[in-house]
**Q** 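Below you will find the structure I want to go over with you.
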Amino acid sequence: MSEAYPTNTPVVDMRSRPAFLHAFFGAQPDTPQFEVVKWLNKRVGGRDIEHFTRAKDADGVVSEMDDAGISVAVMVARSVPGVRVSNDDLAAVAAANRKRLVPIASVDPIELGREAAVEEATRAIKKLGMKGLNLDAGFYATPLRADDYRLMPLYEVCEQLGVPAFVMSGPTTPDLRLNDPYAVDNVAKTFPKLPIVCCHGFYPNVREIVTVAFRNENVFVSPDMYTFCPGGNLYVEAANHFMADQFLFGSSYPFRPMKQGVEDFRNLGLSPEAWEKATWKNADRLLGLGLAGKANKKAA
């Protein structure tokens with residue numbers, strides 16, 4: 001089926017983090033964190049488990065993108081006790097190539113408190129030009145469900161400023177009870193105009209997040225590396241059906257190789273229409289990337 005896919009259209013990677021940003025992403029060889037990055041690459045089926053060591057700066061990341069056929073990388077950093085990447089530092093990386101590198105802001109409402117978190121989120125989006133806000137609900141010092149009242153002011157900021165909220169999830173959530181897709185259902189109902197991107201797709205609760213997406217058209221499912229794990233075929237089945245406009249491609253770099261991610265995505269069995277929507281059309285609409293016009297020119 002992959003032969004039916006167009007080869008001259010963009011690809012948007014919805015979850016990419018340069019390794020050099022932080023030790024957590026593999027910036028420092030011969031450290032426990034470096035070994036964890038290799039371990040997770042192997043765990044999710046990565047063939048080249050040291051691929052992330054090649055890109056030493058923003059130019060190196062773009063070179064990796066070129067090799068993988070990725071047009072735009074959406075950089076979703078984190079702000080949790082063990083991983084602090086400031087919005088200013090991430091914006092500086094994106095500034096090296098604004099057309100190719102798109103930054104997503106991140107705040108920790110437990111560390112900052114409500115008012116300071118809202119203020120920083122607003123600053124990052126309005127002043128730094130970041131395209132959305134990442135919330136690591138279950139990973140803060142006080143772990144939260146995605147619908148915790150302490151996160152509601154941040155969702156409100158996103159809705160008011162017209163940017164999507166990115167919600168971190170997945171099997172690495174310290175307390176797996178907080179990896180709860182049904183919490184997103186509550187948020188989606190509270191903020192019906194707010195696009196909500198479910199990073200890591202709440203894996204392994206695939207059936208549940210697909211059900212939430214069925215109920216709420218403002219919920220976007222981005223399972224990235226977990227698309228290729230056992231049970232991930234249900235994401236694809238939904239994307240070929242009602243979830244076509246809500247499914248997003250992500251490599252999860254540096255925890256899985258970019259190029260392999262694109263290649264594996266081509267072999268999932270998505271229809272040509274679902275493939276185009278997942279690889280760029282949905283992201284273009286969600287983030288206002290302006291790719292539609294460029295894609296039409298290429299096709300012409």
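The analysis underlying the following values was restricted to heavy atoms, covering all of them including side chains, and did not include hydrogens, waters or symmetry mates.
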**Q** Within 45° of the ring axis of F139 and under 6.0 Å from its six-membered ring centre, is that where the NZ or CZ of R78 lies?
**A**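 Cation-pi check for R78 and F139: passes.
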**Q** Got V219 and C198 here, is their nearest side-chain heavy-atom distance under 4.5 Å?
**A**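 In contact.
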**Q** Using side-chain contact (heavy atoms from CB on, under 4.5 Å), reason through I110 and L144 one step at a time and then give a plain yes or no.
**A** CA-CA 10 Å; I110 301 302; L144 309 174; 4.2 Å; yes
**Q** For the CZ atom on R114, are there more than 12 heavy atoms of other groups (residues, nucleotides or ligands in this structure) within a distance under 6.0 Å?
**A**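 No, CZ of R114 has 12 or fewer neighbouring heavy atoms, counting only those of other groups under 6.0 Å.
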**Q** Is the shortest side-chain heavy-atom distance between P6 and W275 below 4.5 Å?
**A**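 Yes, close enough: below the 4.5 Å cut-off.
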**Q** Give every residue pair that meets the side-chain hydrogen bond (donor to acceptor under 3.5 Å, both in side chains) criterion with at least one member in residues 40-49, sequence neighbours excluded.
**A**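 Counting only pairs at least two positions apart or across chains, the side-chain hydrogen bond (donor to acceptor under 3.5 Å, both in side chains) contacts touching residues 40-49 are N41-H51, D48-R54.
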**Q** Check D136 against S106 and note the closest heavy-atom contact, atom names and distance.
**A**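 Looks like OD2-OG, 4.0 Å.
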**Q** Residues two or more places apart in sequence or in another chain: which of them pass salt bridge (charged side-chain N to carboxylate O under 4.0 Å, His left out) with E208?
**A**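 Per chain and number, E208 pairs via salt bridge (charged side-chain N to carboxylate O under 4.0 Å, His left out) with no residue.
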**Q** Counting heavy atoms not belonging to E217, are there more than 12 under 6.0 Å from its CD?
**A**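 Atom CD in E217 is not crowded, with 12 or fewer foreign heavy atoms closer than 6.0 Å.
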**Q** Same cluster or not: are V44 and Y253 linked, directly or through other Ile, Leu, Val, Met, Phe, Trp or Tyr residues, by side-chain heavy atoms under 4.5 angstrom apart?
**A**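 Same hydrophobic cluster.
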**Q** Would you list the pairs meeting ring-ring contact (aromatic ring centres under 6.0 Å, His included) in which at least one residue belongs to residues 74-122, sequence neighbours left out?
**A**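 For residues 74-122, and leaving out neighbouring residues, there are no ring-ring contact (aromatic ring centres under 6.0 Å, His included) pairs at all.
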**Q** Side chains of N282 and Q246: closer than 4.5 Å at any heavy-atom pair?
**A**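 No. Closest side-chain heavy atoms not under 4.5 Å.
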**Q** Run the side-chain contact (heavy atoms from CB on, under 4.5 Å) check on M225 and L40 step by step: do they pass?
**A** CA-CA 10 Å; M225 61 187 174; L40 189 52; 3.9 Å; yes
**Q** F34 and F52: aromatic ring centres closer than 6.0 Å?
**A**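 Yes, the ring centres sit under 6.0 Å apart.
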**Q** Indicate yes or no for a side-chain donor-acceptor contact from S252 to the backbone of F255 under 3.5 Å, with no hydrogens or angles considered.
**A**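 Checked: no pair found.
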**Q** Decide, yes or no, whether a salt bridge links K277 with E273 under the criterion of side-chain N to carboxylate O below 4.0 Å.
**A**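 The answer is yes: the pair qualifies as a salt bridge.
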**Q** Mind checking the NZ-CD spacing from K281 to E276? Nearest 0.5 Å is all I need.
**A**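 That separation rounds to 4.5 Å.
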**Q** Has the side chain of S169 got a donor or acceptor atom that lies under 3.5 Å from a matching backbone atom of C199?
**A**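 Confirmed, S169 side chain pairs with C199 backbone.
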**Q** Taking atom CZ of F242 as the centre, does the number of heavy atoms from other residues, nucleotides or ligands within less than 6.0 Å exceed 12?
**A**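 Yes, the 6.0 Å shell around CZ holds more than 12 heavy atoms from other groups.
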**Q** Hey, what do you get for CD1 (I70) to CD (E64), rounding to the nearest 0.5 Å?
**A**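 I70 atom CD1 to E64 atom CD measures 9.5 Å (nearest 0.5 Å).
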**Q** Which heavy-atom pair separates L289 from A283 by the least distance, and what is that distance?
**A**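 Between these two residues, the closest heavy atoms are CD1-O, 4.0 Å.
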**Q** Might you point out which heavy atoms bring V167 and A146 nearest each other, and give the distance in Å?
**A**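 Smallest heavy-atom distance, with atoms named: CG1-CB, 3.9 Å.
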**Q** Is I196 close to V187 at the side-chain level, that is, under 4.5 Å between some pair of heavy atoms?
**A**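 They are in contact (side-chain heavy atoms under 4.5 Å apart), so the answer is yes.
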**Q** Indicate yes or no: does R100 engage D59 in a salt bridge with an N to O separation below 4.0 Å.
**A**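 Salt bridge between R100 and D59, a charged N being under 4.0 Å from a carboxylate O: no.
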**Q** Any carboxylate oxygen within less than 4.0 angstrom of a Lys/Arg side-chain nitrogen, looking at R256 and D224?
**A**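 Looking at R256 and D224, the cut-off is not met.
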**Q** Determine, for R266 against E263, whether the closest basic-nitrogen to carboxylate-oxygen distance falls under 4.0 angstrom.
**A**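 The answer is no: the pair does not qualify as a salt bridge.
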**Q** Do you know which two heavy atoms are closest between P109 and A117, and how far apart they sit?
**A**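 Heavy-atom minimum between the residues: CA-CB, 3.9 Å.
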**Q** Measure the spacing between OG of S251 and CZ of R15 and express it to the nearest 0.5 Å.
**A**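 Between S251 OG and R15 CZ, I get 10.0 Å after rounding to 0.5 Å.
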**Q** Side chain to side chain donor-acceptor pair (under 3.5 Å) for N87 and E120? Distances and angles first, verdict last.
**A** CA-CA 9 Å; N87 292 320; E120 172 57 16; 2.7 Å; yes
**Q** May I have the step-by-step check of side-chain contact (heavy atoms from CB on, under 4.5 Å) for Y235 and I209, ending in yes or no?
**A** CA-CA 9 Å; Y235 294 124; I209 192 60; 4.0 Å; yes
**Q** Determine whether more than 12 heavy atoms belonging to other residues, nucleotides or ligands lie under 6.0 Å from atom CD of E119.
**A**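 Not buried by this count: 12 neighbours or fewer within 6.0 Å.
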**Q** Quick check against the 3.5 Å criterion: does N134 have a side-chain atom that pairs as donor or acceptor with the backbone of A77?
**A**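 Confirmed, N134 side chain pairs with A77 backbone.
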**Q** For residues V80 and L176: do they belong to one hydrophobic cluster (side chain heavy atoms under 4.5 Å, members Ile, Leu, Val, Met, Phe, Trp, Tyr)?
**A**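 The answer is no; the residues belong to distinct hydrophobic clusters.
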**Q** Salt bridge or not between R84 and E111? Use side-chain N to carboxylate O under 4.0 Å.
**A**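 Yes, R84 and E111 are salt-bridged.
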**Q** How about P230 and Y203: do any of their side-chain heavy atoms sit closer than 4.5 Å?
**A**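 Counting from C-beta outward, P230 and Y203 do come under 4.5 Å.
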**Q** Work out which heavy atom in P181 is nearest to a heavy atom in N205; give both atom names and the distance.
**A**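 Taking P181 first and N205 second, the nearest heavy atoms are CG-CB, 3.7 Å.
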**Q** Same cluster or not: V37 versus W39, using hydrophobic residues (I, L, V, M, F, W, Y) connected whenever any side-chain heavy atoms lie under 4.5 Å apart?
**A**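 The answer is yes; both residues are in one hydrophobic cluster.
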**Q** Work out which heavy atom in A292 is nearest to a heavy atom in D284; give both atom names and the distance.
**A**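 A292 and D284 have their closest heavy atoms at N-OD2, 3.1 Å.
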**Q** What I'd like to find out is whether the side chain of L135 reaches to under 4.5 Å of the side chain of L154, using heavy atoms alone.
**A**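 Yes, side chains in contact.
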**Q** Using the side chain to side chain donor-acceptor pair (under 3.5 Å) rule, take K189 and N216 through it: C-alpha gap first, then chi angles, then the decisive distance, then the call.
**A** CA-CA 8 Å; K189 290 289 190 290; N216 303 281; 2.6 Å; yes
**Q** Once rounded to the nearest 0.5 Å, what's the spacing between atom OG1 of T279 and atom CZ of F249?
**A**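 If I round to the nearest 0.5 Å, the distance is 8.5 Å.
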**Q** Spell out, yes or no, whether M168 and Y182 are grouped together once hydrophobic residues are joined by side-chain heavy atoms under 4.5 Å, including indirect joins.
**A**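 Same cluster.
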**Q** Grouping I, L, V, M, F, W and Y whenever their side-chain heavy atoms are under 4.5 Å apart, do M152 and V184 come out in a common cluster?
**A**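 In one cluster with M152: V184, yes.
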**Q** Going by side-chain contact (heavy atoms from CB on, under 4.5 Å), F202 matches just one of T173, V212, N179. Which one?
**A**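 Result: among T173, V212, N179, N179 is the only option passing the side-chain contact (heavy atoms from CB on, under 4.5 Å) with F202.
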**Q** Take V74 and V76, measure what side-chain contact (heavy atoms from CB on, under 4.5 Å) needs, and give me the verdict at the end.
**A** CA-CA 6 Å; V74 179; V76 183; 4.2 Å; yes
**Q** Could you check if a side-chain atom of F265 sits within less than 4.5 angstrom of a side-chain atom of V236, using non-hydrogen atoms only?
**A**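 The answer is no, as the side chains (C-beta and beyond) never meet within the 4.5 Å cut-off.
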**Q** Once you round to the nearest 0.5 Å, how far does CZ of R207 lie from CG of L234?
**A**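 Answer for the CZ-CG pair, R207 versus L234, is 5.5 Å.
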**Q** Out of curiosity, K99 NZ to L101 CG, how far, rounded to the nearest 0.5 Å?
**A**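 The distance works out to 13.0 Å.
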**Q** Using a 4.5 Å cut-off on heavy atoms from C-beta on, say whether the side chain of K193 contacts that of N218.
**A**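 Of all side-chain heavy-atom pairs linking K193 with N218, none is under 4.5 Å.
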